[in-house]
2 protein chains.
Amino acid sequence: MGPTSTSPSAQRSRGRPRKMAVPEAVAAALRLVDEDGLDSLTMRRLAAALDVQVGTLYRHFATKQTLLAAMAEEMLAGCAGPLPDGLTWREQVTELAGRLRMALLRHRDGARVYAGTHSVGPNTLSYTDTLVGVLRETCLSPEAATRTALTIVHFIVGHTLEEQAAQALAESELPATLTLLHAALDPGTYPNLAAAEATLTSTDFVGHFAHGLNLIIKGLAGE
Amino acid sequence: MGPTSTSPSAQRSRGRPRKMAVPEAVAAALRLVDEDGLDSLTMRRLAAALDVQVGTLYRHFATKQTLLAAMAEEMLAGCAGPLPDGLTWREQVTELAGRLRMALLRHRDGARVYAGTHSVGPNTLSYTDTLVGVLRETCLSPEAATRTALTIVHFIVGHTLEEQAAQALAESELPATLTLLHAALDPGTYPNLAAAEATLTSTDFVGHFAHGLNLIIKGLAGE
DNA sequence: ACCTGAACACCGTTCAAGT
DNA sequence: ACCTGAACACCGTTCAAGT
């Protein structure tokens, strides 16, 4: 800080009073996404929701990408919070993975928001830090722990992307898609898909998620 | 077929000669994506590339989503081709997973195209059929085989999404992002990220992919 | 110091009219 | 039967001008 600096509040009290605040803008953006989906999130609609001109947004977010990264960072709030005592490392990994999944599911199109951005904010960093930490306690080298953390996160993102895509379809054309799929499933051409159809079209995403995560965790045990 | 139907070629020979063909349009769209990225793929730019008016595209693709699904389906061509003889099931799974990864990597933003659509075309269906088939031969129930196939595909999509995001960053702001990340990594606040940084910022995606896939395959062995 | 108003260069989608 | 031309209702981003 230079000798001419004044306190932030004194600085802010000069000039026009601030009409827009970044945290409120991020919250409003997430609300818009929850209501109408990510495709309907528009700089113009967000400006209207904040009762501000579009240009004003660009004083606080350099681009729409910056806004989306701030939204992803906000979604992860609390995901790295302290773990209950007495959990095995398996339970700790399961708990952390479940938290990220729930954080993405909490907002409509949350996985798409997260997958499309690269936040280096504190929520994102401390989540990865915590997950790598738990894995390192399993006698994994830093490299193996990091790679495993990446594997887990990639699985969660891919899985939740699919889950929310199914949710979006459910509101409109899911029955049509299912019929189309069923019609395409000639048992002669796709013998295994015929046997897989029930599982493929089931909505037991909790079960699917647990299956995939357990596969990864079991693979870890053999290291 | 009704008694009044004629052969397709006879039908097509009546009226104006067809200016636009769907497979050529899909190929041109993939070329546009390869050149300028998915964000630059526009119905208008595609129409211009095909020397056609925008409205014409909508006679062949109901929406842009339909076009993207056709692109995803095209990307998977060959992925379900016959497997070499004499591979163990582990090697078969590794081969199939590697094929999907390479198919997504072959086109710029390929993972984003794939993740954003739901094709029920023959390439997509036969890929899943083949993967489920290989897994069923491992004494897995249809349900377990299907869930495992989903797990593998979700991991591949999540992983490749990340890999191509890093590629996109590399062409412009990757050094800036890395500096930003390094600056944020206070070892006091994020003790595990400090140890993870080298792996986290490495570009050994082949190694990361192999690690993740092996984790899943090893987990399978314990079933 | 912060916001307004207006513009620039685009989008996806639709549809009457042509041939 | 298939395509053109033109429109509708939007976009993200920029920037001079106001207060």
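Residue numbers start from 1 in every chain, and the chains themselves are labelled A, B, ... in the order their sequence lines are given, proteins ahead of strands.
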field: Side-chain donor-acceptor contact under 3.5 Å, B/Glu143 with A/Thr199
entry: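 Side-chain D/A pair, B/Glu143 to A/Thr199: absent.
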query: Looking just at side-chain N and O atoms, do A/His211 and B/Thr148 make a donor-acceptor pair shorter than 3.5 Å?
result: yes
- request: Quick one: list whatever passes side-chain hydrogen bond (donor to acceptor under 3.5 Å, both in side chains) with A/Glu162, sequence neighbours left out.
  value: none
- request: Could you list the residues that satisfy side-chain hydrogen bond (donor to acceptor under 3.5 Å, both in side chains) with B/Gln53, not counting sequence neighbours?
  value: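 Once residues adjacent in sequence are excluded, B/Gln53 has no partner under the side-chain hydrogen bond (donor to acceptor under 3.5 Å, both in side chains) criterion.
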task: Provide, to the nearest angstrom, the distance between the CG atom belonging to B/Asp36 and the P atom belonging to C/dC10.
output: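 In whole Å, C/dC10 P and B/Asp36 CG are 13 Å from each other.
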message: Tell me the interatomic distance from B/Arg18, atom CZ, to C/dT19, atom C1', rounded to whole angstroms.
response: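 To the nearest whole Å, that distance equals 17 Å.
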- prompt: Distance check: side-chain N/O of A/Lys19 vs OP1/OP2 of C/dA1, anything under 4.0 Å?
  reply: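 No, no such contact exists.
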- prompt: Does anything in residues 41-69 of chain A reach DNA chain D, meaning a heavy atom under 4.0 Å, and if so which residues?
  reply: A/Leu41, A/Thr42, A/Met43, A/Arg44, A/Arg45, A/Val54, A/Gly55, A/Tyr58, A/Thr63, A/Lys64
- request: Taking atom P in both D/dC10 and C/dA9, compute the distance separating them and give it to the nearest angstrom.
  value: 22 Å
message: Between A/Thr66 and A/Thr63, does the side chain to side chain donor-acceptor pair (under 3.5 Å) criterion hold? Intermediate values first, please.
response: CA-CA 5 Å; A/Thr66 314; A/Thr63 64; 3.2 Å; yes
message: Just to verify, what does B/Arg45 make a salt bridge (charged side-chain N to carboxylate O under 4.0 Å, His left out) with, not counting sequence neighbours?
response: B/Asp36
For A/Thr189, side chain to side chain contact (heavy atoms under 4.5 Å, CB included) partners two or more places apart: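 Side chain to side chain contact (heavy atoms under 4.5 Å, CB included) list for A/Thr189, sorted by chain: A/Asp186.
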- prompt: If you write DNA chain C from 5' to 3' in dot-bracket form, with Watson-Crick or G-U pairs under 3.5 Å, [ ] for crossing pairs and | for pairs with another strand, what do you get?
  reply: ||.|||||...|||||.||
- request: Would you mind reporting whether A/Val153 and A/Leu131 have side-chain heavy atoms less than 4.5 Å apart?
  value: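 A/Leu131 vs A/Val153: side chains touch.
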